[in-house]
Novice: 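Below is the structure I would like to discuss, written out as structure tokens.
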Amino acid sequence: MTKRRILHLSGSDVREFLQGLITNDINRIDDGLVYAAILTPQGKYIADFFLAPAPDGILLDMDDSLGDAVTQRLNMYKLRADVTIAQADLHLHRGLGAVPEDGYADPRHDALGWRAYRTVAQADDTTDWTALRVAHLIPETGVELTPDTFILEVGFERLSGVDFRKGCYVGQEVTARMKHKTELRKGLAKVSISGEAETGSDILSAGKVAGTLLSHTKDSGIAYLRFDRAKGEMQAGDATVTRADA
């Protein structure tokens, strides 16, 4: 399992503080897990994470590679707000099937099961999460989600990761403009793969770069595509690639 960093945020201003930063409505936490992101003022991805209720605050669950940068940014934005940020001595547990009493359904897709936060590490997880992500077009931190990412291009609305009614947050203006005023010309798509190709391989169509192959299994994958070029059979490395949804 990918290593996670779990923070504990507390204080009387914690909800108001988060509401002005994240892409989703923090008040959804009253109903369970919240998936959200922090963006640059230009609307590009900085980090994605889950927010879970805790008895005396809120847990923030993110890929460990994001931990230092997110902690630094949260401390930069909090100014004089009554918010305390600390690392939680907890471990992420994941599974499929019925949600345990201490768990929460993954809000991105029903097929992704549940998440729980416990004091001991999980030792029994044999689920192929990459295959599940590929099957349901779920982006991953550091693969589909990078500093060049605009969250609507990677499906954040479909993943219940953005709320267009909650009011202002950093990067909101650009995100709202993409939602209401433009047609997406690039984005994630499922592809079928025949042959061998590495993650990060250019996908070529008629000799022109049509996109990039990202997370994949032996015969299927997620690609970031320029939609006007991604037609018919394409090449990535030694593999033939076709859009699975075309």
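For the single chain, residues carry numbers from 1 onward in sequence order. All heavy atoms count here, side chains included; hydrogens, waters and symmetry mates do not. Being a predicted model, the structure only gives us computed values, none of them experimental.
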Novice: Kindly say whether Ile138 contributes a backbone atom to a donor-acceptor pair with the side chain of His136 at under 3.5 angstrom?
Specialist: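 No: the side chain of His136 does not pair with the backbone of Ile138.
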
Novice: Side-chain polar contacts of residues 9-16 - donor-acceptor pairs under 3.5 angstrom, sequence neighbours left out - could you list them?
Specialist:
| residue | atom | partner | partner atom | Å |
| --- | --- | --- | --- | --- |
| Ser12 | OG | Asp82 | OD2 | 2.6 |
| Asp13 | OD2 | Asp82 | N | 2.7 |
| Arg15 | NH1 | Asn27 | OD1 | 3.2 |
| Arg15 | NH1 | Asp30 | OD1 | 3.4 |
| Arg15 | NH1 | Asp30 | OD2 | 3.3 |
| Arg15 | NH2 | Asp30 | OD1 | 2.5 |

Novice: Inspect the contact between Asp102 and Arg118 and indicate whether a charged nitrogen and a carboxylate oxygen are less than 4.0 angstrom apart.
Specialist: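 Yes, Arg118 and Asp102 are salt-bridged.
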
Novice: Check the hydrophobic clustering (I, L, V, M, F, W, Y; side-chain heavy atoms under 4.5 Å; chains of links allowed) and say if Leu112 and Val143 are grouped together.
Specialist: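 Same cluster: Leu112 reaches Val143 through Ile, Leu, Val, Met, Phe, Trp or Tyr contacts under 4.5 Å.
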
Novice: According to a hydrophobic-cluster definition based on side-chain heavy atoms being under 4.5 Å apart (Ile, Leu, Val, Met, Phe, Trp, Tyr only), do Tyr117 and Trp114 belong together?
Specialist: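 Per the 4.5 Å side-chain linkage, Tyr117 and Trp114 are not co-clustered.
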
Novice: Count the heavy atoms of every other residue, nucleotide or ligand shown that sit under 6.0 Å from CZ of Arg185, and state whether that count exceeds 12.
Specialist: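 No - once you tally the heavy atoms of other residues, nucleotides and ligands closer than 6.0 Å, there are 12 at most.
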
Novice: Could you state whether Met76 and Leu18 fall into the same hydrophobic cluster, counting links through intermediate Ile, Leu, Val, Met, Phe, Trp or Tyr residues with side-chain heavy atoms under 4.5 angstrom apart?
Specialist: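 Yes; tracing contacts between hydrophobic side chains, which count when under 4.5 Å, links both residues.
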
Novice: Given side chains that start at C-beta, do those of Tyr45 and Glu153 come closer than 4.5 Å, heavy atoms only?
Specialist: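 Not in contact.
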
Novice: With hydrophobic residues grouped by side-chain heavy-atom distances under 4.5 Å, do Val170 and Met62 end up in a single group?
Specialist: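 Cluster IDs for Val170 and Met62 match.
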
Novice: State whether the side chain of Arg5 and the backbone N or O of Val70 hold a donor-acceptor pair below 3.5 Å, judged by distance alone.
Specialist: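 No: the side chain of Arg5 does not pair with the backbone of Val70.
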
Novice: Should we say atom CG of Asp110 is surrounded by more than 12 heavy atoms from elsewhere, each under 6.0 Å from it?
Specialist: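 It does not: Asp110 CG has 12 such atoms or fewer within range.
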
Novice: Give a yes or no on whether the backbone of Val83 and the side-chain of Lys78 come within a donor-acceptor separation of less than 3.5 Å.
Specialist: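 Confirmed, Lys78 side chain pairs with Val83 backbone.
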
Novice: Show every side chain to side chain donor-acceptor pair (under 3.5 Å) that has at least one partner inside residues 164-173, sequence neighbours left out.
Specialist: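 Listed once each, the pairs are Glu173-Arg177.
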
Novice: Could you check whether any side-chain heavy atom of Thr23 comes within less than 4.5 Å of a side-chain heavy atom of Asp48, counting everything from C-beta outward?
Specialist: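 They are not in side-chain contact.
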
